[in-house]
Amino acid sequence: MASWPTGRLLSAAARLVEQRWTARLETLGLSHAGLIALHTLRGGPLSQRALARRCQVTDQTMSRTLDRLSRSGYVTRVPDPLDGRRSLTRLTPAGEEVLATSEQIAREDSSVIGALGDDAAFRRQLIELIGHLTGP
């Protein structure tokens, strides 16, 4: 691996972290998509379409994600008081709890990210790299 280009190293590390994170999320009954949706809903109830846009997925993908989250009791759908033809999705107390648990795991569980040393510095570098690659 010492001869691999940096991009390949980042890709391999990302896959390994994602595999470990997926395994941990599964113990909570969550997927990556579900976690992103819950995190986004923390800001307040949203329509499925608005949630899909904010999570950068299709309406169909969001529909399946919300169905799973609803079956797990993490979200509920309620009629939109401004437009009776649509519903709003909101976090339930169980959804708030599982989101808090997932955040605690991300902060404290070394099996997810491993021993990085200065995690804050590593995060700043990743944010800088992502910003550079996506532009202003």
Side-chain angles (χ1 to χ4, degrees):
M1 285 188 294
S3 65
W4 288 5
T6 302
R8 187 178 307 154
L9 290 169
L10 280 170
S11 180
R15 280 194 309 275
L16 291 169
V17 168
E18 183 174 4
Q19 289 168 359
R20 288 181 180 190
W21 186 230
T22 296
R24 289 308 308 262
L25 287 176
E26 286 174 357
T27 68
L28 302 174
L30 286 176
S31 64
H32 286 276
L35 181 62
I36 292 167
L38 292 179
H39 181 78
T40 304
L41 286 169
R42 184 177 268 165
L46 292 169
S47 69
Q48 179 179 307
R49 178 160 287 155
L51 185 57
R53 273 195 301 263
R54 288 190 189 180
C55 294
Q56 299 180 353
V57 298
T58 66
D59 288 350
Q60 183 180 11
T61 296
M62 185 53 65
S63 177
R64 287 191 306 270
T65 299
L66 292 177
D67 286 345
R68 285 190 299 272
L69 291 172
S70 182
R71 282 192 304 271
S72 296
Y74 297 150
V75 300
T76 186
R77 293 175 178 151
V78 297
D80 184 340
L82 301 176
D83 183 349
R85 297 170 294 170
R86 69 178 183 175
S87 63
L88 298 176
T89 303
R90 65 173 40 139
L91 280 175
T92 64
E96 288 279 1
E97 186 176 321
V98 78
L99 184 55
T101 300
S102 71
E103 290 170 341
Q104 182 178 351
I105 290 169
R107 282 190 309 273
E108 298 173 0
D109 188 343
S110 65
S111 74
V112 171
I113 193 66
L116 287 175
D118 187 351
D119 184 57
F122 185 69
R123 286 178 50 79
R124 284 191 301 274
Q125 288 178 317
L126 286 174
I127 291 166
E128 183 179 326
L129 173 62
I130 292 166
H132 174 75
L133 294 174
T134 59

Applying side chain to side chain contact (heavy atoms under 4.5 Å, CB included) to Glu96 and not counting sequence neighbours gives Arg42, Leu91

Please name all residues satisfying side chain to side chain contact (heavy atoms under 4.5 Å, CB included) with Gln56, sequence neighbours left out, ordered by chain then number. none

Any chain of hydrophobic side-chain contacts (each under 4.5 Å) joining Ile36 to Met62? no

Following the transitive rule for hydrophobic clusters with a side-chain heavy-atom cut-off under 4.5 Å over Ile, Leu, Val, Met, Phe, Trp and Tyr, establish whether Leu38 and Trp21 coincide in one cluster. yes

Rounded to the nearest 0.5 angstrom, the CG-CG distance for Leu41 and Leu88 is 10.0 Å

Under 4.5 Å between side-chain heavy atoms, counting indirect links through other Ile/Leu/Val/Met/Phe/Trp/Tyr residues: same cluster for Tyr74 and Leu66 or not? yes

Could you state the interatomic distance from CG (Leu25) to CD1 (Ile105), rounded to the nearest 0.5 Å? 7.5 Å

Identify each donor-acceptor pair in which a side-chain atom of residues 2-14 lies under 3.5 Å from a protein atom, sequence neighbours left out, and give them as a table.
| from | atom 1 | to | atom 2 | distance (Å) |
| --- | --- | --- | --- | --- |
| Ser11 | OG | Arg15 | NH1 | 2.8 |

By side-chain hydrogen bond (donor to acceptor under 3.5 Å, both in side chains), His39 pairs with (sequence neighbours left out) none

Not counting sequence neighbours, list each pair that qualifies as a salt bridge (Lys or Arg N to Asp or Glu O under 4.0 Å) and has a residue in residues 71-84. Asp67-Arg77, Asp80-Arg86, Asp83-Arg85

Taking all non-hydrogen atoms of both residues into account, name the closest pair between Ser72 and Gly29 and its distance. OG-O, 4.1 Å

To check you understand the geometry: which heavy-atom pair defines the closest contact between Cys55 and Thr40, and what is its length? SG-OG1, 3.5 Å

Considering all heavy atoms of both residues, which atom of Gly73 and which atom of Ala94 are nearest to each other, and what is their separation? O-CB, 3.6 Å

Per-pair distances, 0.1 Å, donor-acceptor, side chain in residues 44-54, under 3.5 Å, sequence neighbours excluded:
| from | atom 1 | to | atom 2 | distance (Å) |
| --- | --- | --- | --- | --- |
| Ser47 | OG | Ala50 | N | 3.1 |
| Gln48 | NE2 | Asp59 | O | 3.1 |
| Arg49 | NE | Asp59 | OD2 | 3.0 |
| Arg49 | NH2 | Asp59 | OD2 | 2.9 |

Under a single-linkage definition using a 4.5 Å side-chain heavy-atom cutoff for Ile, Leu, Val, Met, Phe, Trp and Tyr, are Leu69 and Leu35 assigned to the same hydrophobic cluster? yes

Show the nearest heavy-atom pair for residues Ser102 and Leu99, with the distance to one decimal. OG-O, 2.7 Å

